[in-house]
Amino acid sequence: MQLSAEPIIYILIFVGVIVLVEGIYLVAFGKSISLNSQVNRRLEMMEKGSTREQVLEQLRKEMGQHGKSRSIPLYSLLAEKAQKAAIAFSPKQLMLIMAGLAVFAFVGLSVGTSTPLGVRVLASIVIGVGGVFFWVNNKAKKRLAMIEEQLPDAVELMVRSLRVGHPFSSTVQIVAQEVGDPLATEFGIIADESAYGRDVGEALKEMAERLDIQDMRFLSVAVTIQQQSGGNLAEVLSGLAKVIRARFRLFRRVKAITAEAQWSGKFLSAFPLLALIGLLAKDPNYYDSVMDHPWFIPACFLVGIMLAINLFVMRVLTNIKV
């Protein structure tokens, strides 16, 4: 049995698909849409000549279009992540990109490998769809993590603004101008909506539900209760900022405590595969004597299932909610 370069080609094509979709995204919407950009995308859109109404309409469309597309077969698996990541591509565009990347993967596999046609077609579809799903999932995780990290500073900025006499609607506008993206654009939408008559507490609640962030729900509840019952909102938000920071520290501490167990689980799951690669690298003919045995293929499937179960169990054991 000779070692083949085809697995490496599959991996390279998958990485190329992810890089390609990221490049298309940046070319289509500009560098300000990147989470690494220090530019507030909402303000940049206004600087380019778009009116406040046009910017609000465009951003609301981008942030709500995927939630409305959950009824589309198969796309529902991607819709929630795309909504949290605020992917500017429409659902139709994302599906077209999946199809285009599947064609790209098929051409790459046809040129670089000699696998049967049916396998290439199936692998191309998996790479095209899986690459986009991986990209969207990574975007969603990164965006939500940045929002959660920015939120305590934003709440404290709101507290300082309230204490110097600004109304709450003005404090939201200040946050939209002073903090960085992605939270700045989210608060900018709320500021624009409140300027056109929408209730701020309702807008905050909708954002919290769309992003599914618990700390944002606390903020929306605090603002709603203050609007209905009155009270010192600055003191309430000051306490909320302390609670959010305490939860954030606790989460980081739990993550540090469970890091060893997580890496142990990953190592134990990866070790059989690494051992297999090592054996085949040292002796490519190691399994030749048993490959024709009727139980060889079922045993391979059994090992794969057990490895998958191991990954799931280790993930559950180390996934501590804060």
Side-chain angles (χ1 to χ4, degrees), residues 35 40-43 52 55-56 59-60 62-64 66-67 80-81 83-86 140-255 320-322:
L35 294 178
N40 185 323
R41 182 166 180 248
R42 171 176 165 271
L43 297 180
R52 191 175 185 181
V55 172
L56 176 60
L59 293 176
R60 288 189 66 183
E62 291 178 1
M63 294 181 178
H66 298 285
E80 183 178 354
K81 295 293 184 182
Q83 178 176 294
K84 291 179 180 179
K141 284 184 177 180
K142 187 175 180 181
R143 187 170 187 270
L144 293 181
M146 291 180 69
I147 290 176
E148 289 176 342
E149 191 169 349
Q150 290 176 312
L151 188 58
D153 292 331
V155 174
E156 289 178 349
L157 178 58
M158 294 166 70
V159 170
R160 292 194 295 270
S161 300
L162 289 170
R163 284 174 175 169
V164 299
H166 291 291
F168 184 71
S169 58
S170 297
T171 67
V172 174
Q173 182 66 40
I174 291 171
V175 171
Q177 293 176 346
E178 297 298 330
V179 304
D181 265 351
L183 190 61
T185 296
E186 292 282 355
F187 270 83
I189 293 174
I190 293 175
D192 291 341
E193 289 178 337
S194 65
Y196 291 113
R198 188 178 187 187
D199 181 69
V200 178
E202 181 184 339
L204 283 170
K205 181 180 179 181
E206 180 184 311
M207 179 176 66
E209 294 300 326
R210 174 165 47 80
L211 297 176
D212 193 23
I213 296 178
Q214 189 64 36
D215 293 333
M216 198 71 75
R217 291 192 180 97
F218 293 157
L219 176 60
S220 67
V221 169
V223 172
T224 301
I225 291 176
Q226 192 275 338
Q227 288 178 334
Q228 296 175 353
S229 305
N232 191 334
L233 183 58
E235 292 300 322
V236 173
L237 294 184
S238 178
L240 177 61
K242 294 177 182 178
V243 171
I244 294 174
R245 288 197 182 279
R247 291 182 73 249
F248 199 74
R249 286 196 299 269
L250 178 60
F251 177 77
R252 288 290 180 89
R253 185 176 180 183
V254 169
K255 188 175 181 180
I320 300 176
K321 299 294 182 181
V322 179

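Side chains included, hydrogens not; waters and symmetry mates left out as well; all remaining heavy atoms used.
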Any residue meeting side-chain contact (heavy atoms from CB on, under 4.5 Å) with [X], in chain and number order, not counting sequence neighbours:
| X | answer |
| --- | --- |
| Val236 | Ala222 |
| Ser170 | His166, Pro167 |
| Asp153 | Glu156, Arg245 |

Checklist line | Within 6.0 Å of CZ in Arg253, more than 12 heavy atoms from elsewhere | finding: no
Between [X] and [Y], what is the shortest heavy-atom contact and its length?
| X | Y | value |
| --- | --- | --- |
| Ile147 | Pro182 | CG1-CG, 3.5 Å |
| Val200 | Ser194 | CG2-CB, 3.6 Å |
| Leu219 | Leu237 | CD1-CD2, 3.6 Å |
| Ile244 | Pro152 | CG2-CG, 3.4 Å |
| Met207 | Phe187 | CE-CE1, 4.3 Å |
| Val179 | Ala184 | O-CB, 3.3 Å |

Next item on the list: Using a strict cut-off of less than 4.0 Å between a Lys/Arg side-chain nitrogen and an Asp/Glu carboxylate oxygen, indicate whether Glu186 and Arg143 qualify as a salt bridge.
Entry: yes
Notebook entry, point to check: Salt bridge between Lys205 and Glu209, side-chain N to carboxylate O under 4.0 Å?
Noted result: no
How many angstroms lie between [atom1] in [X] and [atom2] in [Y], if you round to the nearest 0.5 Å?
| X | Y | atom1 | atom2 | result |
| --- | --- | --- | --- | --- |
| Ile174 | Leu157 | CD1 | CG | 6.5 Å |
| Leu183 | Leu151 | CG | CG | 6.0 Å |
| Ile190 | Glu202 | CD1 | CD | 11.0 Å |
| Asp212 | Glu80 | CG | CD | 7.0 Å |
| Glu235 | Leu162 | CD | CG | 10.5 Å |
| Leu240 | Asp215 | CG | CG | 7.5 Å |

Item checked: Residue pair Ser169 / Gln173, side-chain heavy-atom distance below 4.5 Å -> no
Notebook entry, point to check: Between Arg247 and Phe251, is a side-chain contact (heavy atoms from CB on, under 4.5 Å) present by the stated rule, with each step listed?
Noted result: CA-CA 6 Å; Arg247 291 182 73 249; Phe251 177 77; over 6 Å; no
Next item on the list: Keeping the roles fixed (side chain from Ser220, backbone from Arg217), state whether a donor-acceptor pair exists under 3.5 Å.
Entry: yes
Notebook entry, point to check: If only atom types and distance count, is the side chain of Ser238 paired as donor or acceptor with the main-chain N or O of Ala234 below 3.5 Å?
Noted result: no
